[in-house]
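The structure appears below as structure tokens.
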Amino acid sequence: MEYVHGSHAGEQLGPGVQVWIGGRDFRLSELLGEGSFGAVWSATSPGLNCEVAIKEIICRSEVELGRAATEQQLLKFVGRGLVDNPGLKEDSPAAVAAKRFPSLVASEVKALGPDLWQVRLAMTRLAGKPLESLLETANEGTRPTADGSLVETCRCVRSLLDQLVPALEHLGTQALHRDITTRNILVDKTGQNYSFGLVDFGLAVDVVKWKADLLTHDIGGDGHYWPTSSWFVLEYGAHHLESYPALLQEYEADLDVHALGVIALRCLMELWAPEAMVAEAKSKSSPPSWAQTAKLMRLRMAWTNFWDDIARFWQPIFDAFACGGCDALEQLKSLYAQAGVHHMVSADLCAVRAALRELRDVAELNDLRVICDALLLLMRPGKKRDDKPTWRRIRAVLRGERSASRAPSPAVKEVAEEGHPQSRQQFLVGKELPAKTEHGSSQGRNRRDLCDALKTELRGWPSSGVPAASVAASQSTYSPSGPAQGSMWSSASVSSHCGSATVGKPISYLHVS
């Protein structure tokens, strides 16, 4: 990034303000978003035939400055695909990435004081609004996918995957995004066509450094889209992953894969209106497949169990960070480790995957079959699997070149071959945990008892999710240095522009540095 010390740097941003970044003149128009990291503004510049977005980041440590530098490098990388290779096919990962991600226009950084820097990144602005707003509209009863029919919903989900999977394949050669959420995915709907893009590389990490220095990196993002391994790291820390190869592999390579899978399934479940089946049956000469309908409803039940559990587990974590409650965080970590939250998340995911297999085997719609195959690769169960996901393999499934492995008795196979009980219910009421239990914290107690105890404990907390005593203590004792040495947490900053944290709704992301 270019370092500057002139009078043009450091001016207050606002509508109509003119700023210079990297030798370019920009005029700001409106605020697009704001949070603890800084702010994002829309702007125009003479000589550019497109609107740009300007992101201002206030860095309070060299770690944060390094993260901003990584974001700048990635914006430059994804925008160079077509420039460096003008002969690329339109559907090649590099060409798709240049369309689906913002690209760097200009950048600069200024030192404002000791351990304080101002970073400004000017990038192309992608059209559309956050996917979250589309889902909120659907949940309020207004279906963005026409009448909420399964055909239209599958078309939307298929477009999401077709457009973002190759783009993420290209990004994955350099970095992990680590913050793929419905608030960072933009969607632009024109008629019946959907155009998707992905923004905000603020938590992205170099893929080589991530694997080499896994223990020193932070945990971040929105917990709704965490795989099982992230919940394990929350409970015990990354240093214990070495004892669990399947979780280590998942945490090293599959964070983005799993997040996109959860988002795609959420879109399928929330944009589709089951009541639309009645209208479809009346308007068509042949009624819809009741086998397909029954499996869809089973998938919806498995999804609801998973999503409700994740919301219940994530809400107190988010609120504790929002309040800076170090004591509350430690209490939650202890509760979650004792109850085996990552086991519950894995059980829910196995149930979802079993339902996806059953639906895939009876689906009449080709798009629905392809989506199920893709989701079986994307959504990771937190267990050892032979179907190692790669973006290239997922892209092949979407093109119809191959499908996820098919096996007899899919519901049983999904869980039995992993040594997992055959249903979420059996997992929760199963026998005592095996002898090899993380730290032995859950040994000797029935999983149902542990689950019920955890839910009772969480219900006893205030609506903010943080015990009042912990909030009061944190207000007087919390400092940027964070919890005591030895904890996995060091400091926290939470986005403040993403809306309220409501159980059952996606909550804005967590960023722990």
Side-chain angles (χ1 to χ4, degrees), residues 131-132 134-136 138-139 143 145 148-150 152-154 156-158 160-161 180-182 185 222-228 231 257-277 291-315 341-363 365 367-383 404 410-411 414-415 420-428 451 502-507:
L131 177 59
E132 179 62 32
L134 196 74
L135 297 175
E136 288 176 351
N139 289 328
R143 299 286 172 181
T145 53
S149 70
L150 184 60
E152 289 297 323
T153 299
C154 287
C156 175
V157 177
R158 182 75 185 270
L160 169 71
L161 295 175
I180 300 178
T181 72
T182 52
I185 293 178
D222 185 335
H224 286 89
Y225 308 104
W226 283 358
T228 303
W231 289 98
V257 168
H258 180 80
L260 185 63
V262 174
I263 289 171
L265 182 55
R266 185 183 170 206
C267 288
L268 179 64
M269 294 291 94
E270 295 188 11
L271 296 180
W272 170 56
E275 58 270 18
M277 293 185 299
Q292 175 180 278
T293 301
K295 298 305 181 183
L296 272 168
M297 298 309 295
R298 183 182 185 278
L299 175 60
R300 172 162 283 195
M301 292 175 62
W303 162 258
T304 300
N305 281 333
F306 164 75
W307 194 245
D308 287 351
D309 281 349
I310 289 293
R312 182 182 297 111
F313 299 150
W314 174 243
Q315 179 76 55
V341 163
H342 75 281
H343 285 305
M344 300 181 203
V345 172
S346 178
D348 285 344
L349 286 168
C350 283
V352 168
R353 285 170 55 89
L356 281 168
R357 287 182 182 275
E358 291 186 357
L359 175 60
R360 186 268 312 274
D361 290 341
V362 301
L365 293 176
D367 278 350
L368 184 58
R369 284 195 300 272
V370 171
I371 289 170
C372 288
D373 269 329
L375 289 177
L376 285 168
L377 286 174
L378 288 162
M379 298 187 69
R380 309 316 300 158
K383 298 289 179 179
E414 170 63 31
V415 289
H420 220 295
Q422 295 182 9
S423 71
R424 176 178 180 276
Q425 181 71 9
Q426 288 183 17
F427 174 81
L428 294 177
C451 183
T502 305
V503 173
K505 299 269 188 181
I507 305 172

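Looking only at side-chain heavy atoms (C-beta outward), R158 and V370 come within less than 4.5 Å of each other. Between W231 and I310 there is a side-chain heavy-atom pair separated by less than 4.5 Å. The closest side-chain heavy-atom distance from F313 to V345 is below 4.5 Å. Proximity of F306 to L265: side-chain heavy atoms (C-beta onward) are nowhere separated by under 4.5 Å. Inter-residue side-chain proximity for M269 and W307 is flagged as unmet; no heavy-atom pair is nearer than 4.5 Å. Counting heavy atoms from C-beta outward, L299 and E358 have side chains that stay 4.5 Å or more apart. Using a 4.5 Å heavy-atom threshold, the side chains of I180 and Y225 count as separate. Using a 4.5 Å cut-off on side-chain heavy atoms (C-beta onward), H342 and W226 make no contact.
L131 and C267 get closest at one heavy-atom pair: CD2-SG, 3.7 Å. Considering every non-hydrogen atom in both R298 and A351, the closest pair reads NH1-O, 4.2 Å. V262 approaches H224 most closely through the heavy-atom pair CG1-O, 3.9 Å. The heavy-atom pair separating R300 from P274 by the smallest distance is NH1-CG, 2.9 Å. When all heavy atoms are compared, the tightest approach of L135 to T182 is CD1-CG2, 3.8 Å. Closest heavy-atom contact between Q292 and L365: OE1-N, 3.5 Å.
Within the model, atoms CZ of R353 and NZ of K383 stand 12.5 Å from one another, a figure rounded to the nearest 0.5 Å. Interatomic distance, C156 SG to D367 CG, rounded to the nearest 0.5 Å: 11.5 Å. The structure places CG of L368 at 11.0 Å from CZ of R360, a figure rounded to the nearest 0.5 Å. Distance check: L296 CG to M301 CE gives 13.5 Å after rounding to the nearest 0.5 Å. Between the NE2 atom in H258 and the CD1 atom in I263 there is a gap of 10.0 Å [rounded to 0.5 Å].
With sequence neighbours excluded, the residues that form a side-chain contact (heavy atoms from CB on, under 4.5 Å) with A264 are V157, L160, L161, L375.
Between the R369 side chain and the A363 main chain, a donor and an acceptor come within less than 3.5 Å of each other. Counting only distance, with no hydrogens or angles, the side chain of T153 and the backbone of L268 share no donor-acceptor pair below 3.5 Å.
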Using the side-chain contact (heavy atoms from CB on, under 4.5 Å) rule, take T228 and R380 through it: C-alpha gap first, then chi angles, then the decisive distance, then the call.
-> CA-CA 8 Å; T228 303; R380 309 316 300 158; over 6 Å; no
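Remark: of the listed residues D361, L359, L356, L359 is the sole one forming a side chain to side chain contact (heavy atoms under 4.5 Å, CB included) with K295.
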